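To start, the structure under review is shown below, and the notes come after it.
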Amino acid sequence: MSSEAAAAPKTNGWEPKIVAFCCNWCSYGGADSAGMGRFQQPASARIIRVMCSGRIDPLHVFNAFLEGADAVLVTGCHIGDCHYVNGNDKTKIKYKFLENVVRELGLEKERLQLNWISASEGEKFANFIRDVTEQIKKIGPSPLKPEGVV
Amino acid sequence: MSQDSQTIKTAHQIVMQKGEMYVGWSTKEDVRKRGGSGGLVTSMLAAALEKKLVDAVVVLKKMNEFEAVPIITSDVNEVLNSAGSLHSVPSNFAKLIANRNLKVALPAKGCDVRGIIEQGKRNAINLDNTFIVGLNCGGSMHPVVTREMLEVMYKIKPEDVHGEEIEKGKLIFETKDGKEHAITIDELEEKGYGRRESCRYCTIKIPNNADIACGNWGVTGDLAGKATFVEITSEKGAKLLQNAIDAGYIQVQKPDEKGVAARSKIKGVMEGLGKKWKDKVFVPMDNRLEYFRKELENCIDCGACKAVCPTCSCGDVSKCTEFHFRGDAYRMSMYHLVRFLHLADSCIGCGQCADVCPVDIPLTRLYRRFANPVQEQLKYEPGMDMRKPPFFEAKLEV
Amino acid sequence: MNAYSTICPGCNFGCGLYIRENGTIDLDFRKSSPANAGKLCRFGMSLPRLYKPVKSMVEGKETTPEEAAKEAARRISASKGSVAFLSLGNTTCEEVLAFQKLAVPYLCTGANFDALPKDVYLTLSVGIPYTEIEAAKHIVLFIDPYEQYPLTVRRLLSAKKKGAKITSVWWKDLPLADENIRPADISKLQLTKDSLVISDFHPLSDAEQVKSVLSLAKNAGAKVTFLKPFANSTGAYVLSKDAKQKSFAQLVEDINKGTVKTLFCLESDPSTLIPSETLSKLTNLIIQTGHASAGTAKANVVIAHEPLYRKKGTLINNEGRGQALGGAGTNGLEALGIIAGTKFEFDSLHDAVKKALGIQAVDEFLIPKYDRPAYGAIQAAAKPPEAKTTLVSVYNPFMWFGLPDDNDFVELNLNTVRALKLLKGGTLKIKSNGSTIEKKFKVAPVQDNILLTGNRFGIEKGSITPVEISR
């Protein structure tokens, strides 16, 4: 209870900024079907489409955090379904390293998440964004947010 | 003269092979006198150059007791007159020979060897043309710290020092008047002197990743201090040693069992000590973001840590520098974030970055914080073999 | 492979390093160097860029150093009475002594000693040992150590670790400072006899500012040390102590007036200090140097000698430490000899240097005793309040040497950004003296209405320039 009270001022009216990297073939399709299917989801996500989740360099994620993202989501096709055969295997490797740096750095684990979402899983996508938004609202703005950025 | 040719004859009968161990010394008296432990390494390098096994050799050119410059030379005399090993010369040779396409032989501490192998993986050094003479290393010391330590702890003038040795956990300085001054390394390190921090928690004491591992551990009896114990760890190493014997530069004999046992005992003790230090330095901590921000706030973007890093082979145009602009008002520098990531699988913990940081950021400690968990989880030890860095794999195996 | 043990020319700190020549120039860290323990700053790491080879030239035509020196000698004697000699302290003590003999009619070491009392000369010339910085209880900074003299940072951090309080008198909050005072609020500064004041002194220093620092320290009985921007500033000042000198401001004025027609520069790039419209008034610009620069491109005569690291000779760092350069070259002295119509012997000049310093041998581990006499009371004129918005140039080694750096932006605070409604990632228009420039900006804890830059934009008038800013 007391921890909720402490977090309250941060969350008051504050909407987190979430950067979601989506691959062109699956998770971007998922985001699309989330909209088409009219699944309720908060406006906190900024979607960045990439051709393949394997293209997401850890540098892009760092940049998102440094520019003021409160959370960064890496999404792609399910393993085995990659349009480019093994792109998401490479995502897994990069994510492993990225996750290690972000955790060791002391950022909460909610701020960086990986999820495999196919083009037909609109509801899964919407739920994912909603869950993350709720989690981030609880823990407040990212400590890496630059001065003057809301 | 006849005795010399006799030596060569008997030497020819020995055919060096990977996995074998020997005790050896230089046949040249002046090299024996000047170089430590019988001058075997110096003579082996000189022989490699003389017999055209290599085109160049890396040696330390001694400037004074505390100072030596690593140089690449093709002059046999320069090799024979080189400084030998100095505990206070914490240099790393990997970057020196990188991108030069040399056929070269060089002496190397554990971390040098690891750096060279990592450069080899990144195609900056052709390992087939590189003969690595590994040197046992219990740790090196920063020259400025050493000077202060001599004055404060040993109460001797740095100028009076004639020689140094580490024996039975003690650091011993010999002064010009022939006196020996010994203090235990534990005591020195408690007071903030002694070995560099990264050396304290290093666990590579005998460089079995080199072509041949040399050192004075395991040299027993009358030979103590006058010979070098060698272990051949690759075909190249066998070739190097055989070449020196054939050229009449060195003599070897089989070590006694007592020596072999003593060597592995010292290795075990030192490695255990390193592990203890590791637990002591890397205690789990809360509020890490604040810790890293505090440590990095003084960074002046000089780039020395990258320039000196023996595992980095990106050159001037690299991710860490190209995506970093001094005009960015970020809470943490992109440069450091990228380096934290890239070094997570590649950091060998050599301590060079912390040595050269102009604002004394304990960089090696920071990099190791990121590298320890990844390297443990992926069971990857950079620079110990030719395994591809996991970051470049197509699939995560572990 | 040639390896030289040398000293970084970037400032007066005296940082040791090795330079290896092997087709290219590489750096290595000289970890036994007492001033810097082998560590180098951003500029030190850029030295291979500084040491660009230079060729001897007469009016754009390549020639030998001897011919260039002979031509320089002809031009100097032809314009007798209107020749000035400038050397900012970028070269060895031995060359400084030779240069002085040549420069008797008009010697300029770049410092404005004229505007200051005679008895502060040595206090300005020789700093205190860095170990005293580390041992100080209270340190007051009138510099930005990170930008200007980066190797001081670790000494300050070491002092802080031992319990020192660090006060910064600067336009921006410094990470290492315990207390940040703005220059305009200088009256808030509390000094005691345990305080150590660190400031800097260079050709463009404002004499009133220097005087006010001196008088603050004097009144509190505090220690004071001045850092300087050139490798041998201390050597050049100490050795020129009794020589007749002209101030830098005087030199610029004389060129503008036309009484100086020929300027001879030894290891100094005038284009980084003297406005180009002034330089273009010269009939002859003669530069003797070891590396190419913007100045050598403009000069009528270029006399090329070895770069500093290949020279033989002595430098004196800010502590007063004598440091031997690891090279063997003396052709700089030969060229000076041709111009002076004499022959300079290295050994005798070296003996003279040792005599002047009162030492038997140059030993980098020993600091010779310097007489830094107490100076009398100083009256400093009150500084006029800063104009509404000002651009402050933070002089750093890259600026003194005209070397490009990753610093094409200004620092300003969030209030200014909000007031002007500046866009993130956008630019800021800065107007001064009728010209307008557009620059990127960085949000930093800077004073309101202040823009800080470590770059030269070409609109500055001295170190503090009133400007108008807009989106």
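Quick note on labels: first sequence line is chain A, next is B, and so on, each numbered from 1. Quantities reported herein were computed from a predicted structural model and do not represent experimental measurements.
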Between [atom1] of [X] and [atom2] of [Y], what distance do you get to the nearest 0.5 Å?
X	Y	atom1	atom2	value
R20(C)	I72(B)	CZ	CD1	7.5 Å
R42(C)	C299(B)	CZ	SG	9.5 Å
R154(C)	I300(B)	CZ	CD1	11.5 Å
E159(B)	F365(C)	CD	CZ	7.5 Å
D301(B)	N407(C)	CG	CG	11.0 Å

What option among L176(C), L156(C), L40(C) has the most heavy-atom pairs under 4.5 Å with chain B?
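Top option by heavy-atom pairs under 4.5 Å: L40(C).
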Top contributor to chain B contacts, counting heavy-atom pairs under 4.5 Å, from D28(C), V410(C), L157(C):
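The option with the most such pairs is L157(C).
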Closest heavy-atom contact between M45(C) and A307(B)?
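Smallest heavy-atom distance, with atoms named: CE-CB, 3.5 Å.
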Could you pull out the closest heavy-atom pair between C41(C) and C302(B), with the gap in Å?
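Of all heavy-atom pairs spanning C41(C) and C302(B), the closest is C-CB, 3.6 Å.
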Indicate yes or no: does R326(B) engage D406(C) in a salt bridge with an N to O separation below 4.0 Å.
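No, this pair does not count.
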Give a yes or no on whether a salt bridge exists between D26(C) and R100(B), defined as a side-chain N under 4.0 angstrom from a carboxylate O.
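Judged by the 4.0 Å cut-off on N to carboxylate O distance, D26(C) and R100(B) do form a salt bridge.
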Name the region of [X], side chain, backbone, both or neither, that has any atom closer than 4.5 Å to a heavy atom of chain B.
X	answer
N2(C)	neither
Y146(C)	both
A37(C)	both
S158(C)	neither

Residue D75(B) versus chain C: region with a heavy atom under 4.5 Å
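Neither; nothing under 4.5 Å.
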Could you tell me whether [X] atom [atom1] has more than 12 heavy atoms of other residues or ligands within 6.0 Å of it?
X	atom1	result
K162(C)	NZ	yes
Q360(C)	CD	no
N101(B)	CG	no

So which residue, V145(B), V359(B), I361(B), ends up with the most heavy-atom pairs under 4.5 Å with chain C?
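Looking at each of V145(B), V359(B), I361(B) in turn, V359(B) comes out on top.
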Does the pair V69(B) and S5(C) meet the rule for a side chain to side chain contact (heavy atoms under 4.5 Å, CB included), with working shown?
CA-CA 9 Å; V69(B) 205; S5(C) 168; over 6 Å; no
Give the C-alpha distance, both sets of side-chain angles, the deciding distance and a yes or no for side chain to side chain contact (heavy atoms under 4.5 Å, CB included) between F29(C) and V308(B).
CA-CA 9 Å; F29(C) 302 90; V308(B) 81; 3.8 Å; yes
